[in-house]
Amino acid sequence: MAGLTKELIIQTVFELLNERSFSKITVKDIVERCGINRNTFYYYFRDIADVMEFAVKREMNRIMETHLDAEDVFDGLLQVMDMFSENKRAFLHIYRSLDRAVMMHEVEILCEYMVSEYVLRAKDYIDIQNYSPEDQRLIRNFQKCILEGVLLDWMEHGMNENLTSDMRRAMELMNLAVEQRG
């Protein structure tokens, strides 16, 4: 029953985010729609932002679990973009509701989490352990900044582009450029 209640809260938050902006959603709205009391909500989550963070991280972990080898990294990233696309209205409501600095900070934390988790989980495929700690940090930071920049730019432009196909084409072009140079 506990797992069902937590899932109901998450589902309700996304439903509400598809209807209105993040700043217009209250815990009262969530508990009334779920048919639970406020204490039950606060038993599972600190606030509405905590619900979002939990749901997005859980989905990213699921995607990373199935895309850990080096050749599947890009496919995993594309699935993350698909998750954002499937919840476009919700993510745009969040993006447009939060203070710009807060939103950028949240996206940075999310991207840092994704890159760190991926490097940790894919250590059999991506061997950066032989590099100095500073070089490892630089590699993770560079990957995080690329992902962060792509996500912020995409949201800034209304998530209208098909980011999945654009990223796939960009990777093809980069691989082609490397092959032609080599």
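When a residue number appears, it is its place in the shown sequence, counting from 1.
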Review point. Which pair of heavy atoms, one from Met155 and one from Leu92, lies closest together, and at what distance?
Key: O-CD2, 3.7 Å
**Study point:** Nearest-0.5 Å distance that lies between atom CD1 in Ile30 and atom CZ in Phe45
**Key:** 9.5 Å
Exercise for review: Identify the heavy atoms of Val27 and Ile48 that sit nearest to each other, and give their distance.
Suggested key: N-CD1, 3.9 Å
Exercise for review: Indicate if Ile109 and Leu151 have the same hydrophobic cluster label, given that clusters are the connected sets of ILVMFWY residues with side-chain heavy-atom separations under 4.5 angstrom.
Suggested key: no
Review point. Quick check: are there more than 12 heavy atoms from other residues, nucleotides or ligands sitting under 6.0 Å from NZ of Lys88?
Key: yes
Point to revise | Minimum heavy-atom distance Val13-Ile25, with the two atoms named | key: O-CD1, 4.5 Å
Check your understanding: Taking the six-membered ring of Phe41, is NZ or CZ of Lys28 closer than 6.0 Å to its centre and within 45° of its axis?
Key -> no
**Study point:** Flag if over 12 foreign heavy atoms under 6.0 Å of CZ, Phe142
**Key:** no
Review point. Side-chain heavy atoms under 4.5 angstrom apart, residues restricted to Ile, Leu, Val, Met, Phe, Trp, Tyr: same cluster for Phe14 and Leu8?
Key: no
Revision key, fill the gap. Shortest non-hydrogen pair, Asn18 vs Arg89, comes out as O-NE, 2.9 Å
**Study point:** Polar side chain donor-acceptor pair, Gln11 to Glu15, under 3.5 angstrom
**Key:** yes
Study note, to complete from the structure: Taken to the nearest 0.5 Å, the spacing of Ile10 CD1 from Cys34 SG works out to 10.0 Å
**Study point:** Check: Val150 main-chain N/O paired with Asp153 side-chain donor or acceptor under 3.5 Å
**Key:** no
Check your understanding: When rounded to the nearest 0.5 angstrom, what is the spacing between SG in Cys111 and CD in Gln143?
Key -> 11.5 Å
Review point. Salt bridge (Lys or Arg N to Asp or Glu O under 4.0 Å) with Asp50: which residues, sequence neighbours excluded?
Key: Arg46
Check your understanding: To the nearest 0.5 Å, how far apart are SG in Cys145 and CG in Leu152?
Key -> 10.5 Å
Exercise for review: Check whether any side-chain heavy atom of Leu17 lies under 4.5 Å from a side-chain heavy atom of Met52, and answer yes or no.
Suggested key: yes
Revision key, fill the gap. Residues passing the salt bridge (Lys or Arg N to Asp or Glu O under 4.0 Å) test with Glu148, sequence neighbours excluded, are Lys144
Practice item. Would you confirm whether His93, through its side chain, and Arg20, through its main-chain N or O, come within 3.5 Å as a donor-acceptor pair? Key: yes
Exercise for review: Please answer whether the main-chain N or O of Tyr131 pairs with a side-chain N or O of Asp135 as donor and acceptor at a distance below 3.5 Å.
Suggested key: no
Practice item. Any chance you could measure Leu147, atom CG, to Glu108, atom CD, to the nearest 0.5 Å? Key: 11.5 Å
Review point. Rounded to the nearest 0.5 Å, what separation is found between the OH atom of Tyr43 and the CG atom of Asn37?
Key: 13.0 Å
Exercise for review: With side chain to side chain contact (heavy atoms under 4.5 Å, CB included) as the test, would you mind laying out the steps for Leu16 and Glu19 before giving the verdict?
Suggested key: CA-CA 5 Å; Leu16 290 167; Glu19 296 169 12; 3.8 Å; yes
Review point. Short question: side chain of Thr40, backbone of Ile36 - any donor-acceptor pair under 3.5 Å?
Key: no
